[in-house]
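Worksheet: the structure to be examined is printed underneath.
All residue numbers in this chain count up from 1 along the given sequence.
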Amino acid sequence: MATEQEQDVVELLMAQHNRIKQLLQQVQDAAPGAKREPFEDLVRLLAVHEAAEEEVVHPTSRRVFVDSEIVDARLDEEEQAKQELAALYDLGVEHREFDERFRLFAHKVIEHAEMEEKEEFGQVLQQTSQSERAALATAVRVAENTAPTRPHPNAGQSAIANVVMGPPLAVFDRVRDAVRDWRRKQGDN
């Protein structure tokens, strides 16, 4: 297995897609009282993953001449996913409509990932060198470290919007996550 410095952006994103699919399945398979943790893990992973794709991957795809219609379609799907993920988060895993809405959401997320892999990642592999892809993987990791941990559909979907809005939203989200985790820990004592 490649080290973090050797891993290319496509390998990184494919591994994340696999983890997203696992978490989608875990949420669907979980008993009603056990959905919250895998769902929160999924929310965080999807939020940082999609922000990094919008900030790094999709602009690169445009640069290496992936058809604009393909990139625009993926961006539109990501915006719809942010909207639905935010709605599911607000709805809560205990809500009676959660499971059905989540099932539809999961199907769309998997379809989106498969389209990225088929239409976008292959072009990135063909049109960039290994060193460029390794540098892109580093850029994705940096973007993820400054990305919000929840979807913010009204913050915009462009790379510029993510750079401008991402870090302040990320700080807010990470403080909120820390408080939530602290409260849960206090409740366990």
### Query
Measuring from Ile70:CD1 to Gln123:CD, what's the distance to the nearest 0.5 Å?
7.5 Å
### Query
Is atom CD of Gln130 surrounded by more than 12 heavy atoms (other residues, nucleotides or ligands) closer than 6.0 Å?
yes
### Side-chain donor-acceptor pair present, His112, Gln80, cut-off under 3.5 Å
no
#### Entry: Flag for Gln26-Gln22: side-chain donor and acceptor within less than 3.5 Å
no
### Query
Any side-chain heavy atom of Ile20 sitting closer than 4.5 Å to one from Leu24?
yes
### Summary
Separation between CG (Leu12) and OG1 (Thr138), nearest 0.5 Å, reads 9.0 Å
#### Entry: Presence of salt bridge, Glu50 and Lys82, under 4.0 angstrom
no
### Query
Are more than 12 heavy atoms from other residues, nucleotides or ligands located less than 6.0 Å from atom NE2 of His107?
no
### Message
Can you confirm whether Val140 sits close enough to Val57 that some side-chain heavy atom of one is under 4.5 Å from a side-chain heavy atom of the other?
### Response
yes
### Task
With salt bridge (Lys or Arg N to Asp or Glu O under 4.0 Å) as the test, would you mind laying out the steps for Lys108 and Glu111 before giving the verdict?
CA-CA 5 Å; Lys108 288 181 180 178; Glu111 189 175 80; over 6 Å; no
### Query
Quick one: do Met115 and Leu85 end up in the same hydrophobic cluster if we chain Ile, Leu, Val, Met, Phe, Trp and Tyr together by side-chain heavy atoms under 4.5 Å apart?
no
### Query
Checking Lys35 side chain against Val93 main chain: does a donor-acceptor pair fall under 3.5 Å?
no
### Task
Decide whether Arg19 and Gln16 meet the rule of one side-chain donor and one side-chain acceptor closer than 3.5 Å.
no
### Pair Arg141 + Glu144, salt bridge at N-O below 4.0 Å
no
### Summary
Closest non-hydrogen contact found for Asp67 with Glu69 is OD1-N, 2.8 Å
### Query
Once you round to the nearest 0.5 Å, how far does CD of Glu119 lie from CD of Glu114?
11.5 Å
#### Entry: Separation between CG of Leu45 and NE2 of His49, rounded to the nearest 0.5 Å
7.0 Å
### Query
Using the ring of each side chain (for Trp, its six-membered ring), is Phe102 parallel, tilted or perpendicular to Phe98, with breaks at 30° and 60°?
parallel
### Query
If only atom types and distance count, is the side chain of Glu84 paired as donor or acceptor with the main-chain N or O of Ala81 below 3.5 Å?
no
### Task
Show your reasoning for whether salt bridge (Lys or Arg N to Asp or Glu O under 4.0 Å) applies to Arg36 and Glu94.
CA-CA 9 Å; Arg36 177 174 282 128; Glu94 296 88 13; 2.8 Å; yes
### Task
Would you give the length of the straight line joining atom CG of Leu23 to atom CD of Glu37, rounded to the nearest 0.5 angstrom?
10.0 Å
### Task
Salt-bridge test for Arg74 and Glu77: reply yes if a basic N is under 4.0 Å from a carboxylate O, no otherwise.
yes
### Message
Counting C-beta onward and ignoring hydrogens, is there a side-chain heavy-atom pair between Arg133 and Glu11 closer than 4.5 Å?
### Response
no
### Query
With ring centroids as reference points, do His17 and Phe121 lie under 6.0 angstrom apart?
yes
### Message
Between Arg62 and Asp72, does any NZ, NE, NH1 or NH2 come within less than 4.0 Å of an OD or OE carboxylate oxygen?
### Response
yes
### Query
To the nearest 0.5 Å, how far apart are CG in Leu88 and CG in Leu104?
9.5 Å
### Query
Ignoring hydrogens and geometry, is there a side-chain-to-backbone donor-acceptor pair from Glu132 to Ser129 under 3.5 Å?
yes
#### Entry: Heavy-atom side-chain proximity of Leu75 to His58 below 4.5 angstrom
yes
### Query
Are Phe105 and Ile110 close enough that some pair of their side-chain heavy atoms sits under 4.5 Å apart?
no
### Query
Between Val48 and Val142, is there a shared hydrophobic cluster once you connect ILVMFWY residues whose side-chain heavy atoms come closer than 4.5 Å?
no
